[in-house]
Amino acid sequence: MLIKSLSMKNFRVYEHAALRFGEQTNVLFGENGAGKTTVLEAIHCLAYTRSFKTHLDGELIRYETTEAKVGGNFSGDRKNDQRVEMFLSEKQPKHIKVNGALLSSQADLIGRIPLVCLAPEDGVVTSGAPADRRRFFDKLFSQVDSVYLQALQQFNRVLKQRNAQLNDYAVNGTPVNSELLRALDTQVAKHGAVVQEKRAEYLQKFKTFVYEIYQELEREKTFKAAYVPSVKPKAGETVEAAFQRELEASRPADMRRGTTTTGIQRDLFLFYLNHQEIRRYGSKGEHKLALVALKFAEGRLLEDYLTEKPIYLLDDLFAELDIKRSVQIIQSLPEGYQIFITSTDLADLRQHGMTLESEKLTVFDTGKLRDVAA
Amino acid sequence: MKLLPETLDLITEQLSRFPGIGKKTAQRMAFDLLKWPADDVRRLGDLLKASVDKIGTCSICGLITETDPCPICAHPNRDGSTICVVEDTMDVVAIERTGRYRGKYHILGGILSPLEGVGPDELNIDSFVKRLDEVEEVILALNPSVEGETTALYLARLLRDRPVKMTRLARGVPMGGDLEYIDEATLGRALEERNPL
Ligand SMILES: Nc1ncnc2c1ncn2[C@@H]1O[C@H](COP(=O)(O)OP(=O)(O)OP(=O)(O)O)[C@@H](O)[C@H]1O
Ligand SMILES: [Mg+2]
Ligand SMILES: [Zn+2]
């Protein structure tokens, strides 16, 4: 997938801007506040209907204006060309158009434009709480498998229902209707088992990708990803049956605590560097390198299932990394993909081993992009 | 000094109770009402009054009705051995429009949702169980949502020791739908629940 051109109107710092991108590496350079990240945010919005920096769409609308618009022309390796537009307004809900037709549900955009985004905000994937890692994988697996997305949504809904009942008991002493609880358990188990089985399946593949990619970046160390589900099937037991069994066993504890203590909402994804958990022991640079490997692996998985090359948005890619590792990353950048890199200083990029005089490279002086009419 | 008549405020307040109607819209509706011919407003008032005096729910099936039992329960040609369970009266209207169903109904008056404080006691479930003695088949026609599924599973558990056949609406590919554009989950279910030709 390629984004050929982008237009922005009243999008953050841009009053009007129109850009044509190169098919390979695109470098956006400019001083702090020039508007580099904003360009990446705009592209991200067209793939995911929202920015990676904020979930408050209002923040994306330029100060003192009330409406913003972003549009992009994409061309697929397999799919036909498509034009995606996003309209933001303070007065009405956001809407998205694909080839001029309004999308009835924003979820319809998921999986349409494979895109991998690495931003400073993603640091939580390796350093944050277990929920941050679940979010990373849920987003990824949902893009390659709509059944996963649906099972996850239904699980979350029925879990909320179950917890509401448990909480009503724990807090208000309202008696629990055990038949109703069983009806809820049946569904928690059914949807939860789908998610758990698919997590195991996709992680198996992801694990190999990320191991190989990390090896390429850093030969002396090994990176391992592991999936530790909360529900543990016994020999010969299906995941769904194990779920049922564990829900039943934990019922008294769940009632006391007013919440469900077993299930995919408690699953762990763990990352190890040389057998030590990165979250606990990793240095800043080790976290960053691990994140880079995770993001490239994300791209591999997306491409594998969507049979479409992802676009890479790499914001502040070299922050926290030493020269040796930056050089290694530049050498390992996936070939033949459209990549966006931001930098405050071109000299810096050169120093990191990037050849800027190449027909494979398109360089944008970001500060000069403003007020270029479409 | 109070600018607007109190009655207008009171009407606005009542109208804004409708789902999706905010204070502003309610006020506009109230003002509009004042412009209607007096007789029309009176007629609306009479109708609203009649809705409380005359309309109630069927003591057998829970349908909204002016007669008790309702026309469906009272109908001599409706097959009493089949009961179709639905969430509310609107669903009955939809099924009746198909002209394909000759059995009777039971209206639950909602759907199980602990989140919204709706448990089995809040629904017409006791009256449903009481009707089951002469029933051979129960059709669950509940929305394909998590809550619809919970309600169906709950009823199935309740009826598990009774000799009634339980069925549910088939879920699958809509008429006029293009297979290519149907989401995988729906298509998958349609495959699982495929019918012999
Ligand atoms: N809604 C908005 N309206 C106008 N300007 C905004 C809005 N939101 C952010 N800005 C400004 O836009 C400018 C560009 O931000 P951006 O994050 O794109 O900069 P950057 O080039 O990535 O900088 P850095 O090198 O510091 O990461 C900043 O000065 C920011 O304060
Ligand atoms: Mg930036
Ligand atoms: Zn009736």
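Chain A is the first sequence line, chain B the second, and so forth, proteins listed ahead of strands; every chain is numbered from 1. Every value quoted in this text rests on a predicted model; they were computed, and no experiment measured them.
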Does a sphere of radius 6.0 Å around NZ in B:Lys165 hold more than 12 heavy atoms from other residues, nucleotides or ligands, not counting ones at 6.0 Å or beyond?
-> no
Evaluate whether atom CZ of B:Arg160 has more than 12 neighbouring non-hydrogen atoms of other residues, nucleotides or ligands under 6.0 angstrom away.
-> yes
Identify the residues of residues 188-205 of chain A whose heavy atoms come closer than 4.5 Å to a heavy atom of chain B, ordered by number, or report 'none'.
-> A:Lys190
Flag if over 12 foreign heavy atoms under 6.0 Å of NZ, A:Lys232 = yes
Heavy atoms only: give me the nearest B:Pro114-A:Leu180 pair and the separation to one decimal.
-> CG-CD2, 4.2 Å
In terms of heavy-atom contacts, does NZ of A:Lys94 have more than 12 from other residues, nucleotides or ligands at under 6.0 Å?
-> yes
For A:Asn177, is it the side chain, the backbone, both, or neither that has a heavy atom closer than 4.5 Å to a heavy atom of chain B?
-> side chain
Could you grab the distance from atom CG of A:Leu184 to atom CD of B:Glu149, nearest 0.5 Å is fine?
-> 11.0 Å
When you look at CZ of B:Arg171, are more than 12 heavy atoms from neighbouring residues, nucleotides or ligands closer to it than 6.0 Å?
-> yes
Going by heavy atoms in the side chains, are B:Thr150 and A:Gln161 under 4.5 Å from each other?
-> no
Determine whether more than 12 heavy atoms belonging to other residues, nucleotides or ligands lie under 6.0 Å from atom OH of A:Tyr169.
-> no
Heavy atoms under 4.5 Å from chain B: which residues of residues 149-159 of chain A carry them?
-> A:Gln150, A:Gln154, A:Arg157, A:Val158
A:Glu179 side, atom CD; B:Leu112 side, atom CG - distance, nearest 0.5 Å | 11.5 Å
